[in-house]
Structure formats: C-alpha cells, structure tokens
Number of protein chains: 2
Amino acid sequence: MGGEGQSETREAIMEATYRALCDHGYASLTMQNIADEFGKSKGLLHYHFDSKEELLVAFIDYLLAGFEDDIASIEGPPDERLAAFIERFVVANGDERRALHLALLELRAQAPFNDRFRDQLARSDAIVRAAVADMVDEGITTGVFRADTDPDALARVVLAAMDGARMRGLTIGDDTYPAAVRDALITYVLDDLLVGAAE
Amino acid sequence: MGGEGQSETREAIMEATYRALCDHGYASLTMQNIADEFGKSKGLLHYHFDSKEELLVAFIDYLLAGFEDDIASIEGPPDERLAAFIERFVVANGDERRALHLALLELRAQAPFNDRFRDQLARSDAIVRAAVADMVDEGITTGVFRADTDPDALARVVLAAMDGARMRGLTIGDDTYPAAVRDALITYVLDDLLVGAAE
DNA sequence: TAGGATTGACTGGCTAGCCAATCAAGATGG
DNA sequence: CCATCTTGATTGGCTAGCCAGTCAATCCTA
C-alpha cells in the first residue's frame with residue numbers, strides 16, 4: 001500500500017474516536033467502541049497504536065490542533081476578534097458539540113493523573129492565552145483599549161470565566177450559563193476597557 | 001448497637017470515602033479502597049449502602065453541605081465578604097485540598113451522565129450563587145457598590161471565573177492560576193463596582 | 001438466644017492487550 | 001508469465017486482571 005494509507009488510516013481512527021467519545025463519553029470509552037465506529041477490528045487499533053493511552057494522546061493532539069486553528073482563523077479589529085473569541089464559548093452547534101465538550105471535560109479531569117495529557121493541555125493553554133493576550137495588546141497599540149490594561153491578566157480572566165461558565169453549564173445542565181457570563185463579562189470588563197469609557 | 005450507631009457509622013464511611021477519594025481520585029476509586037480506609041470489609045459498605053452510586057450520592061451531599069456551611073459562615077461587610085469568598089478559591093491548604101478538588105472535578109465531569117449527581121450540583125450552585133448575589137445586593141443597599149450592578153450577573157462571572165481558574169490550574173498543573181485570576185477580577189471588576197470609582 | 005453487624009469468599013461481567021492465523025498485493029526470479 | 005516469497009493489514013478468539021455486588025456463615029451484644 002502507498003505512503004498515503006498510513007496517515008489516512010490514522011485520520012480515520014481519529015474521526016472514529018471523536019464519534020465514539022461523543023456517543024459514550026470518556027469514562028465509558030472502550031477500544032471496542034472506537035473499533036465499531038472505525039468499522040474495523042479492535043486488534044487493528046492496537047496494530048496502529050501501541051496502547052489505548054497512545055491513541056488518546058494522539059487524539060488530544062488532533063483535537064487541540066483543531067481548536068488552535070479555529071482561534072487563529074479569527075480575523076478583524078482586535079475588539080471584534082476578542083468578542084468573537086468569547087462567542088466561541090457560547091455557540092453550541094447542537095448536541096454533537098455539547099457531547100464533545102462533555103467528553104473533553106472528562107478527559108481534562110484526567111490530565112492531573114496523566115503527564116502526557118497535562119503537558120498537551122498546558123501547551124495548548126499557553127498558545128490560546130497568548131493569542132488572546134495578543135488581541136488585547138494590539139487593541140492597546142491601535143488605541144482601542146486603554147493603555148493601562150494588562151494583556152495576560154485580562155486573557156486569564158476571560159479564559160477562566162468562559163471556560164468556567166461552560167463547565168458549570170455542562171455539569172449542572174444549564175445551557176444559559178455561558179451566554180449569561182459572556183454578557184456580564186462584556187458589561188463589567190470589556191466595556192470599561194474601551195478608550196473613551198470613563199476612568 | 002443503639003440508634004446512634006447508624007449515623008456514626010455513616011459518618012465514618014463518609015470520612016473514609018473522603019480519604020479514599022483524595023488518595024486514588026474518582027476514576028480509580030473502588031469500594032475496596034473505601035473499605036480499607038473504613039477499616040472494615042467491602043461487604044459491610046454494601047450493607048449500609050445498596051450500591052456504589054448510593055454511597056457516592058450521599059457523599060456528594062455530605063461534601064456540598066460542608067462547602068455551603070463554609071460560605072454561609074463568612075462574616076463582615078459585603079465587600080469584604082465578597083473578597084473572602086473569592087479568596088476561598090485561592091487558598092490551597094496543602095496537598096489534601098488539592099487532591100480533593102481534583103477528585104471533585106472528576107466527579108463533576110460525571111454529573112452530566114448521572115441525574116442524581118447533576119441535581120445535587122445544580123442545587124448547590126443555586127445556593128452558592130444566591131449567597132454571592134446577596135453579598136452584592138447588600139453592598140448596593142448599604143451604598144458600597146454602585147446601584148447599577150446586576151447581582152446575579154456579577155455572581156455568575158465571579159463564580160465562573162474563579163471556578164474556571166481552579167479547573168485550569170488543576171488540569172494544567174499551574175497553581176498560580178487562581179491567584180492571577182483573583183487579582184485580575186479585583187482590578188477589572190470589583191474596583192469598578194465600588195461607589196466612588198469613576199463611572 | 002435473636003437479630004443486627006460483619007466477614008470473606010465467590011460470581012459474573014467487562015476490558016485491555018496479546019497472538020496466531022488469514023488475507024491482499026506487490027516484489028522477485030526462473 | 002506464472003509461482004513463490006515478503007510484508008503490511010486485518011481478524012477473532014483468548015487471557016488475565018479488575019471490580020461491583022451477592023451470600024452464607026459467623027460474630028457480637030442486649
């Protein structure tokens with residue numbers, strides 16, 4: 001088989017893992033689930049990935065890369081980019097997206113017990129946080145945001161607040177949480193940041 | 001054994017569950033772990049609780065009641081109470097507290113799949129959120145906070161931000177996260193809320 | 001001695017990983 | 001041009017381990 005087969009197969013396994021995760025959640029995810037979605041045998045998964053952990057590490061990488069690309073693709077002036085970033089936490093494209101974030105939450109909860117999971121999340125956190133801080137930075141440079149704003153500090157609150165809102169919304173089954181926090185965040189944080197807001 | 005024995009035994013089992021959770025985390029928690037901490041046999045646990053789930057539901061109740069009591073015990077003027085509440089997310093009393101929150105995060109991640117877990121978390125969220133909103137409310141009444149503040153909206157951001165900061169700190173192994181978000185929250189939110197801050 | 005408390009062995013189900021056998025397809029060579 | 005060999009892909013069954021839950025027997029204690 002040609003050189004393409006290798007990566008095509010891995011891509012297919014990643015997609016199968018995605019579907020299996022959405023259907024079963026992380027805790028109930030078995031190699032058999034993934035194999036069923038893959039349409040091939042469980043043994044074959046072990047042929048391509050030494051262990052379940054290897055497969056999952058690869059999957060996290062696959063998933064986080066997607067998120068990072070999505071964020072990097074946001075365009076426009078800094079204040080609009082920031083708003084669009086926040087909005088990413090609110091839009092819930094139906095059940096699939098919800099199921100994914102549910103599984104991802106379980107997976108993140110395992111990170112403290114798994115160095116490789118944790119390192120990937122930490123790496124991704126640094127990238128996303130820097131991206132948000134850059135938006136703020138650029139806003140200060142272009143004169144949209146007040147000059148006495150600390151980009152990293154602001155990036156942290158925004159991230160923590162929206163991520164926390166998503167988590168709380170998911171765990172208590174209240175899907176209004178992210179939107180409510182977004183509104184409050186805009187009212188009590190972002191609006192005060194704009195140049196022209198009273199100091 | 002007298003009527004006391006029943007609840008004393010249950011209390012002992014709750015404490016054993018607490019220790020077992022801290023030691024093993026939620027995902028690796030077995031009835032045997034709990035029994036070992038309990039100092040009695042696994043069969044006895046099933047004598048007192050029909051199933052592992054029953055036991056865990058009771059434990060969540062036990063734990064959340066503790067949190068709620070702790071928050072209710074905060075005293076002083078509203079702005080100080082709010083600051084003290086936020087500080088609760090920052091202070092990490094050594095490894096035990098960290099291990100507890102680690103396990104609790106895993107447990108919360110299971111709530112979407114377990115109605116009884118979810119309902120308890122939702123109930124607790126309502127109580128805690130109301131408590132925070134009350135602080136803001138009282139601050140408005142006593143003239144410490146600006147009158148155009150929405151108590152519930154503010155409670156949600158504060159909760160989401162600090163809870164999110166804890167989660168992100170735990171999952172990526174960065175224990176500076178909660179303190180950083182607290183500082184940013186105070187700078188960009190609370191300070192602007194005080195009467196006397198420019199509007 | 002009666003009844004609750006407690007034990008420890010046992011079962012049944014589930015899962016990751018392993019392995020030997022099979023298959024498909026291309027390379028080799030006479 | 002066919003037979004053989006090689007190699008990677010794929011299967012399905014097997015195993016060992018783990019865990020929740022059960023149960024009959026035993027131990028207290030009032």
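At least one side-chain nitrogen or oxygen of B:His48 sits closer than 4.0 Å to the OP1 or OP2 atom of C:dT6. Here B:His46 does not reach the OP1 or OP2 of C:dT7: none of its side-chain N or O atoms lies under 4.0 Å away.
Atom OH of B:Tyr47 is separated from atom P of D:dT26 by 18 Å (rounded to the nearest Å). In this structure, the NZ atom of A:Lys52 is 9 Å from the P atom of C:dT15, given to the nearest Å. Protein atom CD of B:Gln32 is 15 Å distant from nucleotide atom P of C:dC10, rounded to whole Å. Rounding to whole angstrom units, CZ of residue A:Phe49 and P of C:dA16 are separated by 15 Å. Atom C1' of nucleotide D:dT22 and atom CG of B:Leu45 are separated by 14 Å, given to the nearest angstrom. To the nearest angstrom, P of C:dG17 lies 15 Å from CG of A:Leu44. The CD atom of A:Glu54 sits 17 Å away from the C1' atom of C:dC18 (whole-angstrom rounding). For B:Lys40 and C:dA5, the NZ to P distance is 11 Å, given to the nearest whole Å.
Using a 4.0 Å heavy-atom criterion, one finds that A:Leu29 contacts the sugar-phosphate atoms exclusively. At a threshold of 4.0 angstrom between heavy atoms, the contacts of B:Thr30 are confined to the sugar-phosphate backbone, with no base atom among them.
The base of D:dG12 lies outside donor-acceptor range of the side chain of A:Lys42, with no N or O pair under 3.5 Å.
Judged by the 6.0 Å and 45° rule, B:Arg108 forms no cation-pi pair with B:Phe117.
A side-chain donor from one of A:Asp125 and B:Tyr177 sits under 3.5 Å from a side-chain acceptor of the other.
Taking every side-chain heavy atom of A:Met31 into account, C:dA16 is the closest of C:dT6, C:dA16, D:dA20.
The pair B:Asp152-B:Arg156 meets the salt-bridge criterion, since a charged nitrogen lies less than 4.0 angstrom from a carboxylate oxygen.
With hydrogens and angles disregarded, a donor-acceptor distance shorter than 3.5 Å links the side chain of B:Asn33 to the backbone of B:Thr30. One N or O on the side chain of B:Glu106 and one on the backbone of B:Tyr26 form a donor-acceptor pair closer than 3.5 Å.
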